[in-house]
2 protein chains.
Amino acid sequence: MKGYSYRTGEHEPTTSLPLWEALVTDAVGDVIEFWGFKRNHGRVWALLYIRDQAMNSRQLCDSLELSKGAVSMITRDLEDWGIVKRVRPPESSAWHFVAEVEFMKMITHVLKRREGKLISRVQTDLDDARRLAEEADGTSEETLERIDRMRRLAGMMRQAIGIFTKTARFDVSDTRDLL
Amino acid sequence: MKGYSYRTGEHEPTTSLPLWEALVTDAVGDVIEFWGFKRNHGRVWALLYIRDQAMNSRQLCDSLELSKGAVSMITRDLEDWGIVKRVRPPESSAWHFVAEVEFMKMITHVLKRREGKLISRVQTDLDDARRLAEEADGTSEETLERIDRMRRLAGMMRQAIGIFTKTARFDVSDTRDLL
DNA sequence: TTTGTTGTTTAAAACATCTTGAACACCCGA
DNA sequence: TCGGGTGTTCAAGATGTTTTAAACAACAAA
């Protein structure tokens, strides 16, 4: 987990951006990285959100010092997750991007997919383990009980994530949603 | 996020362990990796838990095919987090390890530390950004409002994690806790 | 003290992940 | 059809993380 230039000196200062914008984009980048996404996903979304205007690929490259390829991949992800919209302004031939306000959509969306895949596989494997342990000689009742506890743990974990994603359903679209 | 040998073939089969034990340890390893820890933290804890007996460093090395150094570091982490206890059986000169049952302690403990550090830094940086943006010429009221929304978002995030860690306080110690 | 066993530390290797930059594809207008 | 600007892909490079293996420290028994 990385820090950012203003406070920690870990990153090169982002020269082309006013300091306050760099602070905001880097802060969002750090938060999003904490959740297992890429730092630059957060930085791109944050810049679009804070500017509140459509920006094209070149502008994003320059502002955030990313390569063309990186911007292409990142914007595609953000678009897939539904937190950035791609628009073609009449006066321009280039695609522009605008931020959707449902920031938490991103987190909950991918979090759900990830945990869904993982937990279901874990559950089937623990089911298999229990069956195999039962068939094996000399497996005590206590051991089977411990496997069962882990199986229930997997179920509980799914539940916990569900509660979390429900809690995080708020977004930055309306002040009233926030506290 | 990696899979494990039985189902996905991504890992070498763990030869020295019965298949069902490998399934259990790898499953727990995957779950724990999902939460941002090391896969082997989960594997070591799971083996100790499922065996329900003290094991020494060498046994852990052999069973899970880890190096001496890795086991040393992993058990130290688990001990620090309070989910493994170090005991010295009278008949042996080597340290042995036993699993504590509060599995969720590990997740909530480190999760809290991580989010605490992160969110507080993010908040101060967003505060700074707001101040700087206010001082800068030509910053619109709307822009300041957007920064404020992000600041509130940071606060909300802290709240959400709090709720999650409360929810996850259950453990595998007692069946009644699970569902 | 010497020897053997166990535990810890750490630099480097192995591994995984992210970013870049060049090649290519696409789309318009001339 | 050509040329210029734009967008995408992907192999290679850069970066970050985890594991290993060797050196060392601590300790106990002989």
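Every chain is numbered from 1, with letters handed out A, B, ... down the list of sequences.
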Pairing residues for D80(A) by the salt bridge (Lys or Arg N to Asp or Glu O under 4.0 Å) criterion, not counting sequence neighbours
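D80(A) satisfies salt bridge (Lys or Arg N to Asp or Glu O under 4.0 Å) with no residue once adjacent residues are dropped.
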Contacts of R130(B) that satisfy salt bridge (Lys or Arg N to Asp or Glu O under 4.0 Å) - sequence neighbours left out
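Listed in chain order: E134(B), D148(B).
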Rounded distance (Å) that lies between atom [atom2] of [N] and atom [atom1] of [X]:
{"X": "I74(B)", "N": "dT18(D)", "atom1": "CD1", "atom2": "P", "answer": "11 Å"}
{"X": "N40(B)", "N": "dT17(D)", "atom1": "CG", "atom2": "P", "answer": "17 Å"}
{"X": "L64(B)", "N": "dT20(D)", "atom1": "CG", "atom2": "C1'", "answer": "16 Å"}
{"X": "R39(B)", "N": "dT19(D)", "atom1": "CZ", "atom2": "P", "answer": "9 Å"}
{"X": "K38(A)", "N": "dT20(C)", "atom1": "NZ", "atom2": "P", "answer": "11 Å"}
{"X": "L60(B)", "N": "dT19(D)", "atom1": "CG", "atom2": "C1'", "answer": "16 Å"}
{"X": "D77(B)", "N": "dG7(C)", "atom1": "CG", "atom2": "P", "answer": "16 Å"}
{"X": "H41(A)", "N": "dT17(C)", "atom1": "NE2", "atom2": "C1'", "answer": "13 Å"}

So Y49(A) and W45(A), would you call those rings parallel, tilted or perpendicular, with 30° and 60° as cut-offs?
parallel
Identify, with sequence neighbours excluded, every residue that meets side-chain contact (heavy atoms from CB on, under 4.5 Å) alongside E135(A).
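Partners of E135(A) by the side-chain contact (heavy atoms from CB on, under 4.5 Å) criterion, ordered by chain and then number, come out as R131(A), L132(A).
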Once side-chain contact (heavy atoms from CB on, under 4.5 Å) is applied, do any residues pair with E141(B), and if so which ones, sequence neighbours excluded?
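So E141(B) forms a side-chain contact (heavy atoms from CB on, under 4.5 Å) with L144(B).
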Could you give the side-chain donor-acceptor pairs of residues 87-98 of chain A under 3.5 Å, partners two or more places apart or in another chain?
{"residue": "R88(A)", "atom": "NH1", "partner": "S93(A)", "partner atom": "O", "Å": "2.3"}
{"residue": "S92(A)", "atom": "OG", "partner": "A94(A)", "partner atom": "N", "Å": "3.0"}
{"residue": "H96(A)", "atom": "ND1", "partner": "A94(A)", "partner atom": "O", "Å": "3.0"}

5'-most by nearest nucleotide on DNA chain C - E79(B) or L66(A):
E79(B)
Interface polar pairs with nucleotides 2-7 of chain D, N/O, under 3.5 angstrom:
{"residue": "dG7(D)", "atom": "OP1", "partner": "W95(A)", "partner atom": "N", "Å": "2.8"}
{"residue": "dG7(D)", "atom": "N7", "partner": "K68(A)", "partner atom": "NZ", "Å": "3.2"}
{"residue": "dG7(D)", "atom": "O6", "partner": "K68(A)", "partner atom": "NZ", "Å": "3.0"}

